[in-house]
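Computed from a predicted model, the values in this text were never measured in an experiment. Computation of the quantities below employed the complete heavy-atom set of this structure, encompassing side-chain atoms and omitting hydrogens, waters and symmetry-equivalent molecules.
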Amino acid sequence: MAEIVGPRIYSCYKCRNHVAMHNDIISKTFQGRNGRAFLFSHATNIVVGRKEDRHLLTGLHTVADISCADCHELLGWKYERAYEVSQKYKEGKFILEKAKIAKENW
């Protein structure tokens, strides 16, 4: 697994595999399956699952679940396509659920 170097890293809560950097957070106001979630511009050491259409709070999106590449814990999803023009900024971005990530080097 690639190790992220630097301060303020997020890791998988289960195995501590590095998955994102604090500087890549776009928003902390998203809702995941199990509560609060963060929208990230980048994620690493993840496996992207099969694409599927889902009706989310902000409309229809094509998303793919993302899991930790090490322990395979489901961490959130990747926005592949947004059908609403106002939601296009999410395309290619990652949702990581707050309950599924831990802070490292804070």
Below 4.5 Å, heavy atoms only, C-beta onward: do Lys14 and Ile101 meet side chain to side chain?
-> no
Where do Val48 and Glu80 land on the side-chain contact (heavy atoms from CB on, under 4.5 Å) test, with the steps shown first?
-> CA-CA 11 Å; Val48 179; Glu80 297 288 352; 4.1 Å; yes
Interatomic distance, Leu39 atom CG to Thr29 atom OG1 [nearest 0.5 angstrom] = 8.5 Å
Of Leu96, Leu56, Thr58, Ile95, the residue whose pairing with Phe30 passes side chain to side chain contact (heavy atoms under 4.5 Å, CB included) | Ile95
Atom pair CD1/CG of Ile46 and Leu74 - distance to nearest 0.5 Å = 11.0 Å
In short, Glu97 meets Gly35 closest at the heavy-atom pair OE1-N, 4.4 Å
Rounded to the nearest 0.5 angstrom, the CZ-SG distance for Arg16 and Cys68 is 11.5 Å
How about Lys51: does its NZ atom have over 12 heavy atoms from other parts shown lying under 6.0 Å from it?
-> no
What's the spacing between Cys12 SG and Glu104 CD if we round to 0.5 Å?
-> 10.0 Å
Heavy-atom nearest pair, Tyr79 first then Lys90, reads CB-O, 3.1 Å
So how far is it from Arg81 CZ to Leu60 CG, rounded to the nearest 0.5 Å?
-> 8.5 Å
Between Thr62 and Asp53, is any side-chain donor less than 3.5 angstrom from a side-chain acceptor?
-> yes
For residues Trp77 and Arg33, report the shortest heavy-atom separation together with the two atoms involved.
-> CE3-NH1, 3.9 Å
Do Glu73 and Lys100 sit within salt-bridge range, that is, some charged N less than 4.0 Å from a carboxylate O?
-> yes
Residues passing the ring pair (Phe, Tyr, Trp, His ring centres under 6.0 Å) test with His22, sequence neighbours excluded, are Trp106
Atom NZ in Lys103, atom CZ in Arg8: separation rounded to 0.5 Å?
-> 7.5 Å
Can you check whether Ile66 reaches Val47 side chain to side chain, under 4.5 Å on heavy atoms?
-> no
Between Ala37 and Gly32, which heavy-atom pair has the shortest distance, and what is it?
-> CB-N, 3.7 Å
Which residue, Phe38, Phe40, Tyr10, forms the side chain to side chain contact (heavy atoms under 4.5 Å, CB included) with Asp24?
-> Phe40
For the side chain of Lys88 and the backbone of Glu84, is there at least one donor-acceptor N/O pair under 3.5 Å apart?
-> no
Provide the closest heavy-atom pair for Glu91 versus Ala82 in the form atom of the first, atom of the second, distance.
-> OE2-N, 2.9 Å
